[in-house]
Amino acid sequence: MKKLVILGSGAGGTMMANKLATNLEEKDWQITVIDKTLDHHYQPGYLFIPFGMYLPKDVVRPRKNYLSRHIRFIHDEIQSVDAEQNKVHLASGSKIDYDFLIIASGCTIHPEENEGMTGEGWHQNIFDFYTLEGATKLAKFLRGWKGGKMVINIAEMPIKCPVAPLEFSFLADWYFSDKGIREDVHIEYVTPLSSAFTKKVAAAELGHFLEQKNIHVTTEFNLGEVDSEGNKISSFDEQNIDYDLLITIPTNMGAEFIGESGLGDELNFVPTDGKTLRSKEHDNIFVVGDASDIPASKAASVAHFASETLTKNFLRVIEGLDPEPSFDGHANCYIESGFGKGLLIDFNYEVEPLPGEFPLPGIGPFSLLKESKANHWGKMMYRWIYFNMLLRGVDLPIPAKMMMAGKNALHHVA
Ligand SMILES: Cc1cc2nc3c(=O)[nH]c(=O)nc-3n(C[C@H](O)[C@H](O)[C@H](O)COP(=O)(O)OP(=O)(O)OC[C@H]3O[C@@H](n4cnc5c(N)ncnc54)[C@H](O)[C@@H]3O)c2cc1C
């Protein structure tokens, strides 16, 4: 019997396990999934917790409910991978053999990478919203906050869901308006990028939103350290920004065991072929989701589209064929803009987010790069789609490859 081991049972690992369980013969293949926690978190929902739109219970589900019956689940911490011996070493001391390995261990925040971040201000007036703990503590803080200067800062790129800090800023503008204290809150968005977002056309559009909402933007700020006694952040080139409340998106890094095993780059992301999703170094290792270094957005939607390509490629490789270089970096992200509205962007490695309609040209119902109520409802529906379709490995009626139909290509910037 052949052994497939999947490291991590988050968005990408769960989708891959379920898709392959329906494609591989149970008598010929043992599929094992390893994760250190028993609960699956719907991370896109963390965004809504600080503003009281979701509670923690809305984003947490038992992992086992989402893995199909003949998948073996091991609850343990992965310590290292011996890619020469095809073995995974676990914290309990067990060693798990594999013929093929799929790395789906995602990435997490590392506030300790910036001096002073986890000092006395941590979870007092410095919060993240990229963890359930951070988002929940921030919700409590915001309920009692009377106003002041809120700084939203991205420490360094890449981060998962690069639009989430913008969405946080837009929702903060709405939340404080709704509470009747918007005039008492100065919001500043501080980014290491040269504009509001990674892609030019979308950056211009999102930049207008920030301006309209009176959110001050500081670009090219590369965070050095945090002075949590003096309430200021400093960049490597010695710019200083004061804050009363710091919302940080700390350095994102791949899992520690990736580094320990010599499988990663300096941020523990696995060098991966962006089109085949195979490890650049080991032919029997594949990577899905945030764990890879591919130049696509780190997003659940990307993990989903990639899982369709990877399923096909995995089935080819076990038949002795080469994987096809067919993944196009497709990402599809709803962007909450506050006041019950949102935007949608749909793009890939080659094509920037463009205006238009999605998925049906001329009909929508979603508008690309334009604010609408339908887009907000699309974002709210995403949680149901995530738990009931994506995680279970059900294909959506949207192709994995990005469609040009419905997009206004006049704006195309390659
Ligand atoms: C605030 C926020 C908002 C977001 N919004 C969106 C959005 O609107 N749309 C979107 O598409 N995406 C969004 N994302 C991104 C999305 O959640 C991630 O891209 C997605 O979860 C990546 O899936 P993954 O499988 O690669 O990693 P994960 O889902 O993070 O799963 C990794 C798994 O590996 C396990 N693991 C790691 N190390 C070990 C170890 N040593 N031993 C055992 N197990 C281990 C972890 O426990 C975890 O279960 C958002 C993320 C955040 C934080």
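For the numbers below, each heavy atom of this structure counts, side chains included, while hydrogens, waters and symmetry mates do not. FYI, the numbering just counts along the sequence from 1.
Relative to the six-membered ring of F100, K3 misses at least one condition, a distance below 6.0 Å or an angle of at most 45° to the axis.
Judged as a ring-ring contact (aromatic ring centres under 6.0 Å, His included), and not counting sequence neighbours, the contacts of H330 are F305. Residues satisfying the ring-ring contact (aromatic ring centres under 6.0 Å, His included) criterion with F221, sequence neighbours excluded, are absent altogether. Taking the salt bridge (Lys or Arg N to Asp or Glu O under 4.0 Å) definition, one finds that E188 meets it with K149, sequence neighbours left out. Applying the ring-ring contact (aromatic ring centres under 6.0 Å, His included) rule to F129 yields the partners F168; only residues at least two apart in sequence or on another chain are considered. Shown here are the salt bridge (Lys or Arg N to Asp or Glu O under 4.0 Å) partners of E26, two or more places apart in sequence or in another chain: R69.
Side chain to side chain, S9 and T14 meet the donor-acceptor criterion of an N or O pair below 3.5 Å. In this model, no donor atom of one side chain and acceptor atom of the other lie less than 3.5 Å apart for S228 and E120. Between the side chains of S80 and S261, no donor-acceptor pair is found at a separation under 3.5 Å. The closest side-chain donor-acceptor pair between N252 and T108, if any, does not fall under 3.5 angstrom.
Listed by first and then second residue, the side chain to side chain donor-acceptor pair (under 3.5 Å) pairs involving residues 89-99 are D76-S92, K87-D97, S92-S94 (not counting sequence neighbours). Listed by first and then second residue, the ring-ring contact (aromatic ring centres under 6.0 Å, His included) pairs that reach into residues 358-401 are H40-Y386, Y42-Y386, Y42-F387, Y66-F387, Y334-F366, sequence neighbours excluded. Counting only residues at least two apart or on different chains, the side chain to side chain donor-acceptor pair (under 3.5 Å) pairs with a member in residues 155-176 are Q43-K160, E156-T251, E167-K379, D173-R182. Within the structure, the salt bridge (charged side-chain N to carboxylate O under 4.0 Å, His left out) test picks out no pair touching residues 106-119 (sequence neighbours left out). For residues 275-303, the set of pairs meeting the salt bridge (charged side-chain N to carboxylate O under 4.0 Å, His left out) definition, not counting sequence neighbours, comprises R278-D283. Among residues at least two apart or in separate chains, salt bridge (charged side-chain N to carboxylate O under 4.0 Å, His left out) pairs with a member in residues 27-38 are D35-R63. Evaluation of the side chain to side chain donor-acceptor pair (under 3.5 Å) test over residues 127-138, restricted to residues two or more places apart or in two chains, returns D128-T131, E133-K137.
The aromatic rings of H186 and H216 sit tilted relative to each other, their planes meeting at an angle between 30° and 60°. Using cut-offs of 30° and 60° on the angle between ring planes, the pair H41 and Y46 is perpendicular. Ring geometry for W145 versus F141: interplanar angle of 30 to 60°, hence tilted.
In the displayed structure, K312 atom NZ is contacted under 6.0 Å by at most 12 heavy atoms of other residues, nucleotides or ligands.
Put simply, the side chain of M16 reaches to within 4.5 Å of the side chain of T311, judged on heavy atoms.
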